[in-house]
Amino acid sequence: MAVSAAFAAAKLETLLISNATSSAAAPMAAASPAQVGLFPRSARAARRSLQMSSASALNLNVNSTSSSVRCEVASDFSVETSDKMDFATNAASSSSALASSLSALEQLKTSAADRYTKERSSIVVIGLSVHTAPVEMREKLAIPEAEWPRAIGELCGLNHIEEAAVLSTCNRMEIYVVALSQHRGVKEVTEWMSKTSGIPVSEICKHRFLLYNKDATQHIFEVSAGLDSLVLGEGQILAQVKQVVKVGQGVVGFGRNISGLFKHAITVGKRVRTETNIAAGAVSVSSAAVELALMKLPESSHATARMLVIGAGKMGKLVIKHLVAKGCTKMVVVNRSEDRVSAIREEMKGIEIIYKPLGEMMECAALADVVFTSTASETPLFLKEHVTDLPPVDPRVGGLRLFVDISVPRNVGACVNEIEAARVYNVDDLKEVVAANKEDRHRKAMEAQAIIAEESKQFEAWRDSLETVPTIKKLRAYAERIRAAELEKCLSKMGDDLPKKSRRAVDDLSRGIVNKLLHGPMQHLRCDGSDSRTLSETLENMHALNRMFNLETEISVLEQKIRAKVEQAQK
């Protein structure tokens with residue numbers, strides 16, 4: 001389990017002092033590998049001391065055997081003196097080793113503190129999308145909307161993750177986090193994704209993309225504006241981003257930075273759609289699915305082809321709407337219940353929409369030329385054995401039964417493509433429609449990027465402005481401590497018989513003085529982030545106040561955050 005470098009430093013401190021102390025207690029012992037590696041000078045000194053002591057002992061023994069009794073007495077005296085000198089030398093050497101150990105320890109603790117205090121919490125996105133990963137992988141990673149709060153809770157339970165959000169759609173699976181450490185945060189989230197999906201970490205790493213801070217902000221804004229969608233300008237993704245905010249409200253872990261990011265992304269998406277014409281034409285997965293189906297059918301059969309829509313949820317309803325927009329006046333809809341189909345029928349008067357229960361799905365498929373599937377089923381509805389015995393399709397509509405599957409997980413198995421009279425298209429195959437519209441939408445995308453660049457600067461400025469909040473709190477707390485201490489001194493001098501009214505008056509006086517003194521500094525620490533010049537001045541004021549009143553963030557604050565997460569994980 002990952003812990004902060006500060007914790008490691010504390011453990012190393014005990015180890016180093018223990019090594020240095022043992023060197024002093026046993027001067028004749030060889031230097032340990034740890035000492036040699038970490039403190040080479042001290043190790044060399046210890047070895048020299050050992051060699052000198054050995055040589056001295058050897059010379060004394062020679063003298064004692066070859067001399068008279070008087071010389072032996074003198075030699076004994078010399079040995080004793082020499083031993084004392086060697087002990088003093090070894091003690092000095094050990095003392096030097098201890099000092100060197102402590103010096104290295106201080107450097108380690110300082111570097112750890114620098115790393116954790118200078119590294120600002122980062123917004124990170126770890127994602128796999130239709131652009132980077134196959135549908136087989138995305139469907140395993142997909143998290144149903146009902147499971148988003150649980151996922152947020154588990155992600156924020158990781159050691160280095162403070163806030164989190166999940167954006168899981170048919171085209172993407174993206175996790176947004178605020179991480180205390182970029183490297184550790186990415187590692188923990190990737191391992192979590194592997195654990196929940198069963199996909200090895202190595203496979204996820206091959207297909208994932210990682211974005212940090214400004215790049216992560218740019219990305220979610222592009223996603224919300226429909227610029228990162230398979231169909232450029234798709235409008236459905238904006239509704240999905242809104243749903244992330246709706247589901248996240250009140251969930252612990254969907255914090256200020258992440259919620260602010262997604263709310264700003266919604267604003268960007270609305271601006272792009274209002275100020276550009278990017279939403280014109282086929283701009284959703286559902287509309288692209290209809291266009292793809294019509295591209296595969298002979299043009300003469302567009303009005304007569306028999307259409308079957310399986311699933312009457314949001315995606316299914318959009319498929320029906322786009323079929324109607326393309327001139328289709330009759331279709332069959334298979335759904336678990338008739339309520340949703342009736343509601344769609346009421347909304348689209350004049351269109352013949354025939355409802356069939358899920359149990360009659362295969363009979364309906366046998367009579368259809370094109371089958372659209374958009375259900376939440378986690379197992380395939382159609383496999384090779386289901387489709388093999390279906391009657392052939394009329395040659396006038398191409399002679400092929402088309403399955404257009406816009407569900408993730410997929411509703412139609414890839415094995416169906418092995419049947420000569422059938423073709424399967426999933427969300428990845430919608431790239432054909434994208435290619436057809438690419439030329440027309442490039443100019444609109446450039447206009448949208450200008451809006452995104454402007455909004456990204458505003459969001460970054462807003463996030464920068466949040467840095468002053470801890471300083472405001474610490475400055476108020478600092479002033480309150482002084483006020484309370486001085487008030488206590490004053491009241492004790494005035495005696496216990498001081499009336500309550502007088503005590504309250506003195507208390508109000510001290511508060512008034514403090515508030516008036518703090519008013520100026522507080523005003524210069526507040527800004528909404530809309531003006532870059534004002535923001536720059538505000539941050540300069542913050543750093544100046546931190547220095548003047550010694551309010552700098554200490555490593556202990558970060559230690560406490562990580563320690564709390566470690567303790568929570570161990571329960």
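Basis for what follows: all heavy atoms, side chains included, without hydrogens, waters or symmetry-related copies. Along the sequence shown, the residues carry numbers beginning at 1. All values derive from a computational prediction rather than experimental measurement.
Electrostatic pairing of Lys296 and Asp429 does not count as a salt bridge here, judged by no charged N lying under 4.0 Å from a carboxylate O.
With sequence neighbours left out, the salt bridge (charged side-chain N to carboxylate O under 4.0 Å, His left out) criterion links Lys242 to no other residue. Take Gln243 and apply the side-chain contact (heavy atoms from CB on, under 4.5 Å) test, not counting sequence neighbours, and it matches Glu145, Trp148, Lys246, Val247. Every side-chain contact (heavy atoms from CB on, under 4.5 Å) that Lys187 has, sequence neighbours left out, goes to Glu191. By the ring pair (Phe, Tyr, Trp, His ring centres under 6.0 Å) test, Phe254 pairs with no residue at all, sequence neighbours left out. Taking the ring pair (Phe, Tyr, Trp, His ring centres under 6.0 Å) definition, one finds that Tyr478 meets it with Phe549, sequence neighbours left out. In this structure, Arg208 has no salt bridge (charged side-chain N to carboxylate O under 4.0 Å, His left out) partners at least two apart in sequence or on a different chain. Every ring pair (Phe, Tyr, Trp, His ring centres under 6.0 Å) that His264 has, sequence neighbours left out, goes to Phe221, Phe459. For the side-chain contact (heavy atoms from CB on, under 4.5 Å) test, residues two or more places apart in sequence or in another chain that qualify with Pro200 are Ser202, Glu203. Qualifying side-chain contact (heavy atoms from CB on, under 4.5 Å) partners for Arg150, counting only residues two or more places apart in sequence or in other chains: Glu147, Glu154. With sequence neighbours excluded, no residue satisfies salt bridge (charged side-chain N to carboxylate O under 4.0 Å, His left out) with Glu222. Scanning for salt bridge (charged side-chain N to carboxylate O under 4.0 Å, His left out) contacts around Glu378 gives an empty result, with sequence neighbours left out.
Glu454 places no side-chain N or O within 3.5 Å of a backbone atom of Ala450 that could act as its donor or acceptor partner. Here the side chain of Arg340 pairs no donor or acceptor atom with the backbone of Gly311 at under 3.5 angstrom. A donor-acceptor pair under 3.5 Å links the side-chain atoms of Ser197 to the main chain of Ile199, judged by distance alone. Remark: side-chain polar atoms of Asn171 are not paired, donor with acceptor, to backbone N or O of Val130 under 3.5 angstrom.
A donor-acceptor pair shorter than 3.5 Å cannot be found between the side chains of Glu447 and Thr276. Side-chain contact annotation: Glu174 with His219, donor-acceptor N/O pair under 3.5 Å present.
Of all heavy-atom pairs spanning Ala293 and Leu402, the tightest one is O-CD1, 4.0 Å. Across all their heavy atoms, Val427 and Ile406 have their closest contact at CG1-CA, 3.8 Å. Contact record, Ala265 with Val241: CB-CG1, 4.4 Å, taken as the closest heavy-atom pair.
Using a 4.5 Å cut-off on side-chain heavy atoms (C-beta onward), Thr373 and Val371 make contact. Counting only heavy atoms from C-beta outward, the side chains of Met193 and Leu128 approach each other to under 4.5 Å.
Within the structure, no pair that satisfies the side chain to side chain donor-acceptor pair (under 3.5 Å) test touches residues 123-137, not counting sequence neighbours.
Checked against the 6.0 Å centroid criterion, the rings of Phe382 and Phe403 qualify as a close aromatic pair.
For the side-chain contact (heavy atoms from CB on, under 4.5 Å) with Glu162, the qualifying choice from Val177, Ile258, Leu155, Val178 is Val178, the only one to do so.
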